[in-house]
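The next block holds one structure in the form of structure tokens; read it before the comments.
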Amino acid sequence: MSGAADVLAPGAAARPVAAASAAGVGRPSLLNLLFVLPYVMLMLGLVAVPVGFGLWLSFQDYDMLGGWNGSVGLANYVNLLSDRIFQGAVRNTLLFVAMTVPAFVGLGLFLALALNDGLRRSAVLRSVFFGSSVLSVTVVTLIWRLVYMPERGLLGTVLGAFGLPEVNLVADERLALLSVVIVTLWWIIGLPMTLFLAALQQIPREIYEAAALDNAGRARTLWSITLPSLKRTILLVAVIEAILQFQIFGQVLLITGGGPNNASRPVVQFIYEAGFRDWQLGFAAAASQVLFLLMLLAALGQLWLGRRQDRG
Amino acid sequence: MGGLVLRNVSKRFGPVGVIDDLSLEVGEGEFAVFLGPSGCGKSTLLRMVAGLETLSAGEIHLGRRRIDALAPGERGVAMVFQHYALYPHMTVRQNMGFGLRNVGMPATEVEAKIAQAAALLEIGDLLDRRPAQLSGGQRQRVAIGRAIVKQPEAFLFDEPLSNLDAALRARTRVELARLHQQVPSTMVFVTHDQMEAMTLATRIVVMNAGRIEQVGTPIEVYRRPATRFVAGFIGTPAMNFLPVAAVEAEGARATAVLADGMRVPTAIPATRLPAGPLTLGVRAEHVVAGQGSPAVVEVVEHLGERTLIHARLQDGSALVYAEPGDSALRAGDAATLQADGSAVHLFDGAGRAYHAGLNP
Ligand SMILES: Nc1ncnc2c1ncn2[C@@H]1O[C@H](COP(=O)(O)OP(=O)(O)O)[C@@H](O)[C@H]1O
Ligand SMILES: [Mg+2]
């Protein structure tokens, strides 16, 4: 004890221990930095340096084959903005986020509300819905290729049984992105559902009892008690999912490959192809910065909306 | 308007019986306090009245209606919960108006009722705050206000003071008593604190392990406890219990001879006492010092207006008695003690009490 106090307040040894530690607490000292140094080093090495390097790279003509040809200013960004494929990729990504994030919030909330009881059946279903989250993207896409497969696939068989014409989601320009949305929802709906379940269980039972005594019916209770209590979790799920879904890549690559006719190519695939197929690292880095900016804006926008609602 | 009647009410959670065939009538406008140790089933009973718990058997009537099959909102009761149970995202005004708006009351009428209750509870300047911006005492008032605006036939309170600090608890107690004078509804109040029960109740229902031990006015349960449990539960310090070695009849009255030889001539008729071992109960203020059996002082508690002396008799039994506030006794001092026979109680092996005069 007194040793720690000495470290915190050098030269205090002559004073009583209690006084020494009281004087040391909250007093800035360079020595305190020692305690956070390991974390700071990791943070600098693994986050700050790569981020800074990426930013620097986006202003360079850096080609894996041709090497570094010096700074080009904003040229990479200018090229990006006029790149039709990049424009399409941004549009696809925004569309994808706009379809998945509300679906994750809505469906996750619905499942959580439906399965938040003590029944055995609900416990089984909770595990089922969460279970698919542990599968890797390769397994998930394999399963769904069997569903989407033309003629013999599950989807075609089911539609055929009802006498409906077959739709080939994956090969249709207008539906390819939707096919990936469905796969993604099926894959990781477990996380939002679990977050909502945890939040539901935090709501004190007494509040529902007070509402019952206040003559609140089911709809009224849901609208006036449950949903307001979940506001923070709804925001959390929306922000997490937006950040995750802006980075959509694996499912697309394995299901549609970005096609047909670039109709489902997302930004990360564009970055991957620019950097690791065409070896234009500076150009790819610039695309990464644009994606980063989009994600930042989306997250900040949601937080701002949430804060405003909190006050209102 | 009317009283609350419980008829042969039982409650079991699976194999565990919590309330066992309980019957009780609370008169209209009465302030009934259910008093008992934690876990004796007080909350369960209150929640059955409120409709938050089903009955395993029995009936509940409020006024002219049988209410035990009605939904909680239709029973004409309002409940104040131990942890307040305010809606955290609503303002005080919205909290108080929620139940009224749910039954379709016009907004102007809702506002008028809120204003009236707010004035009564002096929370008018808190109406636009959220519960998180209130102190514990203020939350308590809002919870009471939320109950008042509904003008229920019966108020149900589940240990509403137990989360307040001692000073606030004492003050809120007085305010609740005043509230009962202004709002003449039937009130049922649950607590494990005998001080709350004594000060608030027009009638106390002492409960133990899902059964009623005694129903009576505060003075009745204090002066004439029906059982040894009630005698030990009510009063601070707790009643002293001393084993009786022998009972002698002196005239019609019984004289108890304690294990250390102290003779206590009681006013209890000897013929009414059963055979078998008896225990003598005497409160601290009914032990007279300066005569009788020798004892040794073990602990001295200075309470200000009086001093509690924890002493030990020669046979080893412990006895607490009261001295004036300026008592100079110290641990280790010798004392002589005598129980005042006119104020003692006798208890048989089953805990049943015997008092001077008529037994209930
Ligand atoms: N939902 C429940 N399931 C099982 N046992 C319960 C339940 N609610 C209360 N009990 C049991 O009933 C007994 C009485 O509880 P309660 O009415 O809360 O007591 P009190 O309010 O007097 O402290 C306790 O032993 C408690 O464990
Ligand atoms: Mg209780």
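The figures here come from the full heavy-atom set of this structure, side chains too, leaving out hydrogens, waters and symmetry mates. Since this is a predicted model, take the numbers as computed values, not measurements. So that the names make sense, note that chain A is the first sequence line, chain B the second, and so on, each numbered from 1.
In this structure, the portion of B/L86 lying under 4.5 Å from any heavy atom of chain A is its backbone and not its side chain.
Identified under the ring-ring contact (aromatic ring centres under 6.0 Å, His included) test for residues 98-140 of chain B, with sequence neighbours left out: B/Y87-B/F98. Residue pairs meeting the salt bridge (Lys or Arg N to Asp or Glu O under 4.0 Å) criterion with at least one member in residues 71-96 of chain B, sequence neighbours excluded: B/R93-B/E111, B/R93-B/D128.
Side chain of B/H89 to backbone of A/S224: a donor-acceptor contact under 3.5 angstrom is found. Here the side chain of A/N215 pairs no donor or acceptor atom with the backbone of B/V103 at under 3.5 angstrom.
Using a 4.5 Å heavy-atom cut-off against chain B, no residue of residues 101-119 of chain A qualifies as contacting. Against chain A, the residues from residues 40-49 of chain B that qualify, each with a non-hydrogen atom under 4.5 angstrom away, are B/R47 in number order.
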Q: Before giving the answer on side chain to side chain contact (heavy atoms under 4.5 Å, CB included), spell out for A/R220 and B/R101 the whole-Å C-alpha distance, their side-chain angles and the decisive distance to 0.1 Å.
A: CA-CA 11 Å; A/R220 194 66 207 260; B/R101 277 180 278 122; 3.8 Å; yes
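Annotation: maximal heavy-atom pairing with chain A below 4.5 Å, among B/M79, B/K150, B/Q94, occurs at B/K150. With chain A as partner, the option from B/A50, B/G99, B/A71, B/A78 having the largest number of non-hydrogen pairs under 4.5 angstrom is B/G99. By number of non-hydrogen pairs under 4.5 angstrom with chain B, the leading residue of A/P204, A/S229, A/A211 is A/A211.
Around CZ of B/R171, the count of heavy atoms belonging to other residues, nucleotides or ligands within 6.0 Å does not exceed 12. Counted within 6.0 Å of CD on B/Q116, heavy atoms from surrounding residues, nucleotides or ligands total 12 or fewer; the atom is thus considered open. Shown here is A/Y39, whose OH atom has no more than 12 heavy atoms of other residues, nucleotides or ligands within 6.0 Å.
Heavy atoms only, all atoms of each residue included: A/L213 and B/P72 are closest at CD2-O, 3.7 Å. Taking every heavy atom of both residues into account, B/Y84 and A/E206 meet most closely at N-OE1, 4.4 Å. Counting all heavy atoms, side chain and backbone alike, A/A210 lies closest to B/A85 at CB-O, 3.9 Å.
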